[in-house]
Amino acid sequence: MNNNTEPAGEAYKALHFIEEIIEKDLAEGKNQSRVHTRFPPEPNGYLHIGHAKSICLNFGLAERYNGLCNLRFDDTNPEKEEQEYVDSIMEDVSWLGFRWEGEPRYASDYFDQLYAWSEMLILRGKAYVDDQSQEVISEQRGTPTRPGTESPFRSRSVEENLDLFRRMRAGEFPNGARVLRAKVDMASPNMHMRDPILYRILHSEHHRTGDKWCIYPMYDWAHGQSDYLEGITHSICTLEFEIHRPLYDWFLDQIVEPGAYRPRQIEFARLNVSYTVMSKRKLLQLVQEGIVNGWDDPRMPTISGLRRRGYTPESLRRFADLVGVAKRDNVIEVDLLEYAIREDLNKRATRVMAVLDPLKVVITNYPEDRTEEMETVNNPEDEAAGQRLIPFSREIWIEREDFMEEPPSKFFRLAPGREVRLKSAYIIRCDEVVKDGQGHITELRCSYDPDTRSGSGTDRKVKGTIHWVSASHAIDAEVRIYDRLFMDADPDGHKDKEFKDFLNPESLRVIPHAKLEPGLSLVNHGERYQFIRLGYFCADKDSTPGKPVFNRTVTLKETWKKA
RNA sequence: UGUCCGAUAGUGUAAUUGGCAACACGUCUGAUUUUGGUUCAGAAGACUCUAGGUUCGAGCCCUAGUCGGACAACCA
């Protein structure tokens with residue numbers, strides 16, 4: 001069975017290695033030719049763009065092969081996990097546009113079954129209780145190049161192991177007093193096979209099971225078994241778990257009948273993005289040390305941060321598609337992320353006029369009491385978006401950087417004696433530059449050509465077109481100009497420096513009084529616009545009626561270089 | 001001195017399974033443009049990690065090596 005046939009007209013897209021594995025399994029009728037994946041985050045932090053790749057992969061595969069995808073919280077460590085994270089994860093996955101099969105699952109749903117299987121292992125002589133301290137166990141484990149040594153408790157009787165394990169569960173021992181270990185192979189070249197720990201004692205409240213348990217299963221013991229219980233066929237994870245796969249399989253061997261259904265672990269290379277950090281630990285550090293304003297700070301590579309920044313779910317899914325799936329370590333250039341959001345917003349964002357650094361222009365030959373409503377197109381890429389009217393009058397704001405007193409030859413904007421077109425309005429010429437006592441430019445006095453009204457059919461051309469906003473009609477807005485958080489392409493790739501040494505001091509610049517066209521006074525947070533010639537901006541949740549707050553998502557592509 | 005994994009333009013991913021190394025981002029030209037955006041046309045950029053081998057033919061198969069990554073939490 002080959003599901004690879006694409007609809008006619010669509011470009012052939014090569015299968016990545018996981019799709020190849022799946023198609024082979026499907027063809028062989030493995031696991032009744034089902035495809036069932038899962039996204040298994042630990043609720044100990046917010047999801048980031050790397051998780052988005054994994055989400056798109058797992059849910060995308062299920063979609064492509066008419067399968068299912070579960071959302072499962074890997075909540076086996078009550079000391080780090082919180083409900084807040086569970087909630088944020090569900091919100092992020094849904095926002096990305098995916099629907100998990102049934103209710104969210106939790107590894108903690110399977111604690112009873114895991115416990116029962118553990119007793120089974122003990123009964124079969126495949127697990128034992130070890131009384132040694134963490135330090136001693138760690139010492140005995142050896143090193144990657146030196147085999148471990150067996151614990152003196154390894155040969156305890158089944159009865160004693162069972163009794164001790166039950167008493168561990170009953171809460172008779174303090175944290176760290178004993179652990180349950182699988183009896184595998186202390187001489188294995190794979191460290192994970194050297195009698196891995198199944199259960200540790202943790203007298204702490206679990207966010208879902210409360211105080212029902214004081215022993216908690218380790219990741220390796222919980223994960224594959226959870227996959228099995230959920231009927232997962234393809235358990236996709238990142239490369240660092242590759243070395244765990246023999247253990248994943250060993251555990252499954254203990255509970256799965258040969259030839260029957262069985263999940264398979266497949267590893268792919270995690271996403272890295274230049275100029276950012278991706279570890280939850282470091283992101284948590286940025287939040288806790290107040291370097292950013294929370295997990296959803298628009299500078300964070302978290303899904304909630306990108307959402308607040310103005311990224312669309314479509315752009316993130318497109319990005320996940322563009323980065324591909326393979327097994328080699330990779331660093332994706334941020335440019336690709338920015339390409340993805342520009343591509344999307346170019347098609348859908350309404351163009352509006354906004355002046356961030358206002359310079360007053362007085363049009364001396366324009367009547368003082370006059371206001372014209374100029375028609376302007378909402379989106380040149382989307383005719384259906386229609387037109388709207390914007391007010392024009394004698395005094396306007398233009399961008400300060402759109403004027404130069406002594407312009408280089410390639411400068412197409414306003415300068416003394418030069419002309420520019422005001423977008424959707426008239427061509428003006430700069431006649432006079434007004435300065436204050438310090439030589440600071442305070443105002444430009446210009447004259448307009450009445451025959452050049454936009455849409456009047458005039459054919460007079462000028463080199464440049466600039467944006468503007470009528471001074472008497474403009475509203476004030478706060479605009480937050482975000483730039484990359486780190487100045488180095490690989491912030492944690494330096495031996496003698498810490499990632500925080502590369503923080504960009506100008507990652508956030510707040511413009512308290514930007515001038516916007518009046519139609520923008522009432523915006524709903526999350527609305528996205530293109531500020532003409534400046535970039536894409538998204539209304540922040542801090543907006544209030546009459547005083548919007550905008551976040552800059554990304555600039556427009558800048559191909560112009562100074563001479 | 002171990003085990004596992006990986007290596008193709010600057011970046012990422014392909015190469016229909018052994019047949020002229022392609023696509024995307026990025027870079028550079030030019031055209032169009034009432035956004036220096038978009039769009040369009042084009043260009044540069046690769047000893048496919050190295051050395052052997054198999055073959056009429058190797059990015060792909062084999063051998064050896066080099067380089068990079070992962071593994072020594074009672075984290076996931």
Side-chain angles (χ1 to χ4, degrees), chain A residues 4 11-16 40-42 44 74-77 79-81 107 130 133-134 137-139 141-148 175-181 188-194 197-202 215-216 218-220 222-223 237-246 267 269 274 280-281 321-340 342-343 346-347 351 353 376-377 380-381 410-413 420-425 427 452 454-455 458 461-467 530-535 555-561:
Chain A
N4 178 26
Y12 168 80
K13 183 115 188 314
L15 298 180
H16 57 67
E42 182 189 12
N44 68 341
D74 224 327
D75 56 350
T76 58
N77 185 355
E79 297 184 334
K80 289 184 178 171
E81 295 146 9
D130 197 331
S133 69
Q134 187 168 167
I137 289 176
S138 169
E139 178 70 24
R141 195 166 346 250
T143 70
T145 54
R146 206 181 306 282
N175 287 357
R178 287 176 226 264
V179 290
L180 183 70
R181 290 229 254 171
S188 171
N190 183 335
M191 301 280 298
H192 294 277
M193 300 298 273
R194 321 241 261 228
I197 290 167
L198 263 36
Y199 273 96
R200 74 281 215 194
I201 299 170
L202 243 35
I215 57 173
Y216 290 92
M218 298 289 289
Y219 164 83
D220 286 300
H223 201 94
C237 61
T238 44
L239 246 31
E240 64 268 31
F241 293 101
E242 200 161 32
I243 202 153
H244 294 240
R245 180 152 31 92
E267 313 84 14
S274 65
K280 274 193 196 173
R281 206 199 92 240
D321 208 43
L322 287 167
V323 299
V325 178
K327 291 192 73 166
R328 81 180 87 154
D329 293 329
N330 63 85
V331 182
I332 305 293
E333 295 175 336
V334 262
D335 304 59
L336 193 63
L337 220 207
E338 298 189 343
Y339 164 77
R342 285 192 188 108
E343 181 193 45
N346 177 50
K347 290 179 301 193
R351 273 61 169 173
M353 301 271 218
T376 189
V377 64
E381 304 300 312
K410 285 301 228 348
F411 188 77
F412 298 155
R413 290 110 94 164
V420 281
R421 171 168 288 283
L422 297 174
K423 170 84 179 166
S424 300
I427 291 175
T452 58
S454 187
T458 173
K461 300 272 187 232
V462 285
K463 267 296 203 177
T465 300
I466 64 173
H467 59 279
Q530 184 195 108
F531 288 2
I532 286 178
R533 301 208 305 131
L534 297 174
T555 61
L556 257 27
K557 217 175 145 192
E558 278 278 8
T559 51
W560 176 67
K561 290 191 189 62

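Just so you know, these numbers come straight off a predicted model, no measurement behind them.
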Can you tell me the base-pairing partner of B/C23? Count Watson-Crick or G-U wobble geometry only, both distances below 3.5 Å, and say none if there is no partner. B/G12

Between the base of B/U34 and the side chain of A/Ser454, is there a donor and acceptor pair under 3.5 angstrom? yes

Tell me what A/Asn190 touches on the nucleic acid: a base, only sugar-phosphate, or nothing, going by heavy atoms under 4.0 Å. nothing

Please work out whether the ring planes of A/His244 and A/Tyr219 are parallel, tilted or perpendicular, with thresholds of 30° and 60°. perpendicular

Side chain of A/Asp329 only, heavy atoms from C-beta on: which candidate in B/G69, B/A76, B/U35 is closest? B/G69

Does A/Arg146 make a side-chain donor-acceptor contact with the base of B/G2, cut-off 3.5 Å? no

Does the pair A/Glu42/A/Lys80 count as a salt bridge with the N-to-O cut at 4.0 Å? no

Donor/acceptor link under 3.5 angstrom from A/Glu240 side chain onto base of B/G69: no

Is the glycosidic torsion of B/A73 within 90° of 0, making it syn, or is it anti? syn

Among the nucleotides B/A76, B/A72, B/C25, whichever has the atom closest to the side chain of A/Leu336 is B/C25

Mind checking if A/Glu333 touches a base, just sugar-phosphate, or nothing, with heavy atoms under 4.0 Å? base

For a quick check of understanding: with a heavy-atom distance under 4.0 Å over all strands, which category does A/Val323 fall into, base, sugar-phosphate or nothing? sugar-phosphate

Taking B/A72, B/U35, B/C25 as options, the one with an atom nearest any side-chain atom of A/Ile532 is B/U35

For A/Ser274 and A/Val334, indicate whether the former's side chain and the latter's backbone hold a donor-acceptor pair under 3.5 Å. yes

For the base of B/A70, is there a side-chain donor-acceptor partner from A/His192 under 3.5 Å away? no

So if I take every side-chain heavy atom of A/Lys557 and compare against B/G6, B/G26, B/U35, which nucleotide ends up nearest? B/G26

Looking for any heavy atom pair under 4.0 Å, which part of the strands does A/Thr376 touch: base, sugar-phosphate only, or nothing? nothing

Taking the nucleotide of RNA chain B with the nearest heavy atom to each, does A/Asp335 or A/Asn346 sit closer to the 5' end? A/Asp335

Pairing partner of B/A51 (Watson-Crick or G-U wobble, both distances under 3.5 Å): B/U63

Donor-acceptor pair, side chain of A/Arg194 and main chain of A/Ser188, under 3.5 angstrom: yes

Quiz item: A/Glu381 side-chain donor-acceptor pair to B/G37 base, under 3.5 Å: yes

Is A/Ile243 touching bases, backbone alone, or none of the nucleic acid, heavy atoms closer than 4.0 Å? base

Options B/C74, B/A14, B/A72, nucleotide nearest the side-chain atoms of A/Thr143: B/A72

With the side chain defined as heavy atoms from C-beta on, A/Leu322 is closest, among B/U13, B/A24, B/G37, to B/A24

Does a distance-only test, which skips hydrogens and angles, find a donor-acceptor pair under 3.5 Å between the side chain of A/Arg328 and the base of B/U8? yes

In terms of base orientation, is B/U17 syn or anti, with the syn window spanning 90° either side of 0? syn

Checking N1-N3 plus N6-O4 or O6-N4 for Watson-Crick, or N1-O2 and O6-N3 for wobble, each under 3.5 Å, the partner of B/C71 is B/G2

Give a yes or no answer on whether the side chain of A/Thr452 reaches the backbone of A/Ile427 with a donor-acceptor pair at less than 3.5 Å. yes

Taking A/Arg342 for the side chain and A/Thr555 for the main chain, is one N or O donor matched with an acceptor at less than 3.5 Å? yes

May I ask you to say what A/Ser133 touches in the nucleic acid, namely base, sugar-phosphate or nothing, with a heavy-atom cut-off under 4.0 Å? base

Donor-acceptor check, side chain of A/Asn190 to backbone of A/Ile243, threshold 3.5 angstrom: yes or no? yes

Hey, does the side chain of A/Tyr219 come within less than 4.0 Å of B/C75's phosphate (OP1/OP2), counting only N and O? no

Would you mind classifying the nucleic acid contact of A/Arg413 as base, sugar-phosphate or nothing, using non-hydrogen atoms under 4.0 angstrom? base

Identify which nucleotide among B/U35, B/A76, B/U34 has an atom closest to any side-chain atom of A/Arg421, counting heavy atoms from C-beta outward. B/U34

A/Met218 side chain: which of B/A7, B/A24, B/A76 is closest? B/A76

Within the 4.0 Å heavy-atom criterion, would you say A/Phe531 contacts the bases, only the backbone, or no part of the nucleic acid? nothing

Starting the side chain at C-beta, find the nucleotide from B/C74, B/A76, B/G36 nearest to A/Ile137. B/C74

Suppose we define a pair by two distances each less than 3.5 Å, Watson-Crick or G-U wobble; what does B/A44 pair with here? none

A/Pro380 has its side chain closest, among B/G37, B/A24, B/G12, to B/G37

Taking any heavy-atom pair under 4.0 Å as a contact, classify A/Arg141: base, sugar-phosphate, or nothing. sugar-phosphate

Using a 4.0 Å heavy-atom cut-off across all strands, classify A/Ser188 as base, sugar-phosphate, or nothing. nothing

